[in-house]
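Below is one structure; the comments refer to it alone.
Here is how names work: the chains are called A, B, and so on, in the same order as the sequence lines, proteins then strands, and each is numbered from 1. The analysis underlying the following values was restricted to heavy atoms, covering all of them including side chains, and did not include hydrogens, waters or symmetry mates.
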There are 2 protein chains.
Amino acid sequence: MESNAARLIRKLEHGVPLGHEEKRALEEACTSVQRFAARDDLVKEGDPTQGVNLILDGYACRYKLLSDGRRQIVGYFLPGDMCDVRVCILKRMDHSIGTLSVVKTAVLSREHVLFLMERYPRLARAFWWATLVEESITREWVVNVGHRTAFERAAHLFCEVFARLQSVGLTTGNSCELPVTQTELADALALSAVHVNRVLMEMRHTGLVTFRAQRLTIHDHDALRSVGGFNSGYLHLDGSLAPVHSELESAG
Amino acid sequence: MESNAARLIRKLEHGVPLGHEEKRALEEACTSVQRFAARDDLVKEGDPTQGVNLILDGYACRYKLLSDGRRQIVGYFLPGDMCDVRVCILKRMDHSIGTLSVVKTAVLSREHVLFLMERYPRLARAFWWATLVEESITREWVVNVGHRTAFERAAHLFCEVFARLQSVGLTTGNSCELPVTQTELADALALSAVHVNRVLMEMRHTGLVTFRAQRLTIHDHDALRSVGGFNSGYLHLDGSLAPVHSELESAG
DNA sequence: CGACATTTTGATGAAGATCAAACTGGGTGG
DNA sequence: CCACCCAGTTTGATCTTCATCAAAATGTCG
């Protein structure tokens, strides 16, 4: 990892190839580092929006609290993810962002992000691409909590996390870090912690997945994808730039 | 409604005030009209992305199909909504867009949208704002299907639809059109049609809401918001431009 | 070791799915 | 104008999944 921005660049280039200048601009933008403890909030719902945090290390999540105190995690932030570019446009946060593990971030001011987007249209497009992928993921989460059984849900989530980590080079073999408790998984899957525990045990017993000591190991990837109904298309990791790209270049 | 773009402009200005030039550019872009029957597809999952449809009249939805044939509606498109700006960036659709009623759209080519965004940075920002709001709505849907009971879910959805229609001037008093069957409502709420029916009857009997003949009438708005846990903040309809706006102007 | 969080196990209960069938109402064609 | 059809709604009965409550087991860290 040569620079703080390296993982972000690697991620963005799944969508929009960047030029040398744009990469340098990103690297220069990501110098101010900040650290957060596990289970701390980066941003709270209702806050006026501040700068953008680029996750350098560690795991975070978006979540919303319900009036009865229950919590729904509506998405994960993994290293290389920006949270939350939307603060540059919207006035206040409609949800919170919290850490799951210890997290190291690079902080970009809103002004700086907007400047980057004005100065480098391709970066603007890359940021937009990233938010679109995020939205796509959120939509898949609606399907997940809406229509899948507990077992399928967990399988699908594991597939997603693994695929996303793989895309930024953070898996080793068939396993990856996933520093969350079963209770936190329950918040993401919209299940009770007890039921999550039962699902996880069943996955272990059937030899599908082992989730233990903050680490996820997928023993049978095909089977897991199959039970979870996982189709990675919604992650748009396949160099998915629309072919109009060249025309745009000349138009600009 | 003076022009095809009028409702879109009205919607976008909830987020980003537009200048005369930008409005004219939008109006000029929205001349090519297309019509769709009820329950037709505007776009199918897996399609290479095409142009953008601006909904002029009628209701549509995003949906995903599961392998067992069940369907999850992951969002509604109401008049003034664009579906789907993301086609300008992503290569293929990860979900389908279908009509609920008869729908009239204005079609913009991808090239034209990209041109508009290059030429008018403020429009680019407005489009981005719109996609962020959409994402915010999707997130709220995760909470809805994940953590709320059937009754609460329906209440929340009704509040959302009403608020969104109100923001583009499509409500009359305490009622609005909602041309969907109970089965389609079930697809959006991740419930069975039978259960939706029971919820709707209960709402009628308690005098909260009447949903009948494609029309939604809210008799007790406060109570409905309260049971649904509805807080309109996530729709960002409150002139939510971040205060950085003026700085940006000078930076450009 | 002791305190504390987390995982595991068991028992019971509730929300909502599923299946099946009856009812309603608008539209069509004879 | 009536008979019929079909989509949508309503009702009832049964079954599953998962939540909830409670408590024991395990593990971790000072």
Side-chain angles (χ1 to χ4, degrees), chain A residues 37-40 66 68-72 99-102 143-157 178-206 209-217 227-228, chain B residues 37-40 59 66 68-72 99-102 143-157 177-206 209-216 227-229:
Chain A
R39 298 178 193 201
D40 194 6
L66 287 94
D68 63 0
R70 301 212 300 169
R71 173 169 92 145
Q72 173 74 51
T99 63
L100 295 165
S101 64
V102 170
V143 176
N144 212 36
V145 298
H147 272 102
R148 288 200 253 263
T149 66
F151 198 90
E152 294 163 354
R153 248 180 256 189
H156 193 278
L157 183 71
L178 184 56
V180 301
T181 66
Q182 295 184 0
T183 303
E184 284 163 340
L185 265 186
D187 287 342
L189 296 171
L191 295 168
S192 70
V194 171
H195 205 67
V196 165
N197 178 265
R198 296 196 163 116
V199 165
L200 290 178
M201 288 198 306
E202 190 182 345
M203 284 186 168
R204 271 203 294 275
H205 292 147
T206 57
V209 160
T210 311
F211 174 70
R212 205 165 259 252
Q214 318 283 65
R215 178 157 276 276
L216 173 70
T217 307
V227 300
Chain B
R39 298 177 193 200
D40 194 6
Y59 292 55
L66 287 93
D68 63 0
R70 302 212 301 167
R71 172 169 93 145
Q72 173 74 51
T99 63
L100 294 165
S101 63
V102 169
V143 176
N144 212 36
V145 299
H147 271 99
R148 288 199 253 262
T149 66
F151 197 90
E152 294 163 354
R153 249 180 254 190
H156 193 278
L157 183 71
E177 260 189 87
L178 185 55
V180 301
T181 65
Q182 295 185 0
T183 303
E184 285 162 341
L185 222 38
D187 287 342
L189 296 170
L191 295 168
S192 69
V194 170
H195 205 66
V196 166
N197 179 267
R198 295 194 165 117
V199 166
L200 290 179
M201 290 198 307
E202 190 182 346
M203 284 186 167
R204 271 203 293 276
H205 293 148
T206 57
V209 160
T210 312
F211 174 70
R212 204 164 259 249
Q214 319 285 65
R215 178 157 276 277
L216 174 71
V227 300

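- A heavy atom lying under 4.0 Å from DNA chain C marks the following residues of residues 184-191 of chain B, by number: A190(B), L191(B).
- For R215(A), the side chain to side chain donor-acceptor pair (under 3.5 Å) partners at least two apart in sequence or on another chain are S175(A).
- What separates CZ of F151(A) from P of dC18(D) is a distance of 11 Å, to the nearest Å.
- Between V180(A) and F211(A) the shortest heavy-atom distance is O-CZ, 3.2 Å.
- In plain terms, the two heavy atoms of Q72(B) and D187(B) that are nearest each other are NE2-O, 3.3 Å.
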Show each protein N/O and nucleotides 10-12 of chain D N/O combination with a separation under 3.5 Å, one pair to a line.
from	atom 1	to	atom 2	distance (Å)
dT10(D)	OP1	R204(B)	NH2	2.7
dT10(D)	OP2	Q182(B)	NE2	2.9
dT10(D)	OP2	N197(B)	ND2	2.4
dT10(D)	O5'	N197(B)	ND2	3.2
dG12(D)	N7	R198(B)	NH2	2.5

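- Counting 5' to 3', DNA chain C first comes under 4.0 angstrom of a heavy atom of chain B and last does so at the ends given by dG16(C) to dC19(C).
- Taken to the nearest 0.5 Å, the CG atom of L216(B) stands 9.0 Å off from the CG atom of L185(B).
- The side chain to side chain contact (heavy atoms under 4.5 Å, CB included) check on S101(B) picks up Y59(B), V103(B), P179(B), with sequence neighbours excluded.
- Partners of T183(B) under the side chain to side chain donor-acceptor pair (under 3.5 Å) rule, at least two apart in sequence or in another chain, do not exist in this structure.
- As judged by a 4.0 angstrom heavy-atom cut-off over every strand, S192(B) is placed among the base-contacting residues.
- Summarising the geometry, atom CD belonging to Q214(A) is positioned 10.0 Å from atom CG belonging to L100(A); distances are rounded to the nearest 0.5 Å.
- Spacing between atom CD of Q214(A) and atom P of dG27(D) amounts to 15 Å, rounded to whole angstrom units.
- With sequence neighbours left out, R39(B) forms a salt bridge (charged side-chain N to carboxylate O under 4.0 Å, His left out) with E184(B).
- Taken over five-pair windows at either terminus, the axes of the helix from dC1(C)-dG30(D) to dG30(C)-dC1(D) are inclined to one another by 40° (rounded to 10 degrees).
- For E152(A), the side chain to side chain contact (heavy atoms under 4.5 Å, CB included) test picks out R148(A), T149(A), with sequence neighbours left out.
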Identify each donor-acceptor pair in which a side-chain atom of residues 188-205 of chain B lies under 3.5 Å from a protein atom, sequence neighbours left out, and give them as a table.
from	atom 1	to	atom 2	distance (Å)
S192(B)	OG	H195(B)	N	3.2
N197(B)	ND2	Q182(B)	OE1	2.9
H205(B)	ND1	M201(B)	O	3.2

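- Each of R148(A) and V180(B) was assigned the nucleotide of DNA chain D with the nearest heavy atom; the assignment lying further toward the 5' end belongs to V180(B).
- Atom CG of L66(B) is separated from atom CZ of R71(B) by 11.5 Å, given to the nearest 0.5 angstrom.
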